[in-house]
Amino acid sequence: MSQVSIVIPTLNEAVSLGRTLRQLTLLNPPAKEVIVVDGGSEDETIAIAKQHFELFHSVTDTQVIFSQRRGRSIQMNYGASFATGEILCFLHADTWVPYDLVAVIENTLAKPKVTCGGFISIMTGSQTTRWGISLHNYLKTYYAPLLFRPHLFFRGLRLLFGDQVMFCRRNDFWECGGFNEELPIMEDGDLCLKLVNKGRISLVNRIVQSSDRRVARWGSWKATAIYLYIGILWGIGVDANYLKKFYQDIR
């Protein structure tokens with residue numbers, strides 16, 4: 001039986017969540033469990049989650065839990081505290097995964113020296129595929145740690161972000177303290193910095209698709225500039241609370 005627990009933090013994700021959950025019903029092999037952690041949605045997010053959970057037909061355990069505090073890192077930690085699988089997979093509500101997600105994750109972590117992994121994220125929308133930004137995000141996985149943490153890069157550090165569907169062993173996650181709940185942004189990069197002390201971080205040669213809603217709102221050039229600006233400032237140690245000002249929530 002699969003040992004992968006999928007944790008999905010949500011906040012007003014009615015537009016995207018249904019498609020994401022439908023894809024999870026098609027996983028082969030299925031996940032051990034899917035946990036939706038809501039931070040106080042005011043739309044139909046909860047109803048959609050409960051409706052689609054009926055499609056899992058008891059093959060996969062499902063539950064919706066409610067976090068009294070809002071914030072992606074807070075909600076993901078809270079969801080992870082309910083997880084029973086040996087492997088945690090953190091999935092954004094607007095990211096779509098391949099049918100063999102579970103097999104890829106388990107095969108990757110079957111290598112003892114690999115402690116964490118993620119996928120190549122292709123940013124897509126209803127009208128276009130953002131090839132330029134997707135390429136930059138792929139390259140950033142390598143060049144950011146090489147530039148800012150070269151000593152860790154050669155030990156296996158790769159910089160993964162939430163839309164890359166990060167996964168790791170549950171024991172490793174908690175031993176390094178989980179996500180830093182004080183960080184309003186870049187909690188995923190911070191987790192990579194902690195997990196690399198336990199082993200290599202692997203970028204799997206498979207793709208997932210993520211919504212381009214932020215780029216659609218900002219425009220490609222502005223989005224690229226913001227991503228670069230935030231990445232550089234984070235790399236030199238600027239406080240994440242300052243960086244959050246440039247990365248507003250978009251639904």
Side-chain angles (χ1 to χ4, degrees), residues 1-102 104-106 118-119 121 160-170 173-174 178-181 183-185 187-188 191 208-211 213-214 249-251:
M1 179 180 291
S2 163
Q3 287 299 313
V4 176
S5 296
I6 299 177
V7 177
I8 307 175
T10 58
L11 179 63
N12 298 325
E13 291 287 3
V15 173
S16 302
L17 184 60
R19 177 177 173 180
T20 298
L21 292 180
R22 283 194 299 274
Q23 288 190 321
L24 296 185
T25 66
L26 303 175
L27 295 182
N28 185 21
K32 177 180 177 61
E33 60 191 349
V34 177
I35 303 171
V36 168
V37 191
D38 193 70
S41 293
E42 298 173 348
D43 61 5
E44 298 299 311
T45 294
I46 301 304
I48 289 171
K50 292 180 178 179
Q51 174 189 354
H52 284 82
F53 276 169
E54 295 177 359
L55 303 176
F56 283 79
H57 302 301
S58 301
V59 174
T60 298
D61 292 335
T62 59
Q63 59 180 318
V64 177
I65 60 177
F66 301 92
S67 175
Q68 295 184 351
R69 294 187 298 148
R70 178 179 297 181
R72 182 167 283 161
S73 57
I74 294 170
Q75 291 171 232
M76 289 190 292
N77 280 349
Y78 191 55
S81 71
F82 283 80
T84 60
E86 296 177 2
I87 297 171
L88 300 174
C89 171
F90 298 98
L91 175 63
H92 285 188
D94 64 343
T95 298
W96 309 304
V97 300
Y99 77 95
D100 59 345
L101 172 78
V102 169
V104 172
I105 289 173
E106 292 181 333
F119 293 75
S121 177
L160 302 176
F161 292 89
D163 61 357
Q164 291 177 273
V165 191
M166 293 177 63
F167 55 88
C168 62
R169 298 179 188 87
R170 186 181 58 178
F173 178 80
W174 289 121
F179 290 106
N180 184 344
E181 297 185 0
L183 298 179
I185 188 175
E187 73 284 344
D188 30 28
L191 182 65
V208 294
Q209 295 183 58
S210 296
S211 169
R213 59 190 179 187
R214 183 169 273 108
D249 292 328
I250 293 175
R251 296 291 185 270

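Pairing each heavy atom of Pro9 with each of Ala93, the nearest pair is O-CB, 4.3 Å. When all heavy atoms of Cys89 and Phe167 are compared, the pair lying nearest together is CA-CB, 4.1 Å. When all heavy atoms of Gly79 and Val37 are compared, the pair lying nearest together is CA-CG2, 3.4 Å. Ser2 and Val102 get closest at one heavy-atom pair: OG-CG1, 3.4 Å. The two atoms that bring Ala49 and Leu21 nearest to each other are CA-CD1, 3.7 Å, heavy atoms only. Minimum heavy-atom separation, Met76 to Glu187: CE-OE2, 3.9 Å.
No donor-acceptor pair closer than 3.5 Å links the side chain of Arg69 to the backbone N or O of Ile74. Judged by distance alone, with hydrogens and angles left aside, the side-chain atoms of Gln164 form a donor-acceptor pair with the main-chain N or O of Phe161 at under 3.5 Å. In this structure, Ser41 contributes its side chain and Asp43 its backbone to no donor-acceptor pair below 3.5 Å. A donor-acceptor contact shorter than 3.5 Å links the side chain of Ser210 to the backbone of Asp163. Side-chain atoms of Ser16 never come within 3.5 Å of backbone atoms of Asp94 as a donor-acceptor pair (strictly under, hydrogens ignored).
No more than 12 heavy-atom neighbours from other residues, nucleotides or ligands sit within 6.0 angstrom of CD on Glu86. Atom OH of Tyr99 sits in a sparse spot, with 12 or fewer heavy atoms from other residues, nucleotides or ligands closer than 6.0 Å. With a 6.0 Å radius and a threshold of 12 heavy atoms from other residues, nucleotides or ligands, Glu44 has its CD atom at or below the threshold.
A salt bridge links Glu13 to Arg213: one of the charged nitrogens lies within less than 4.0 Å of a carboxylate oxygen.
A donor-acceptor pair shorter than 3.5 Å can be found between the side chains of Glu33 and Ser5. Using modelled atom types, one finds no donor on one side chain facing an acceptor on the other under 3.5 Å when comparing Thr45 with Thr10.
Relative orientation of the Phe179 and Phe90 rings is perpendicular, given thresholds of 30° and 60° on the angle between their planes.
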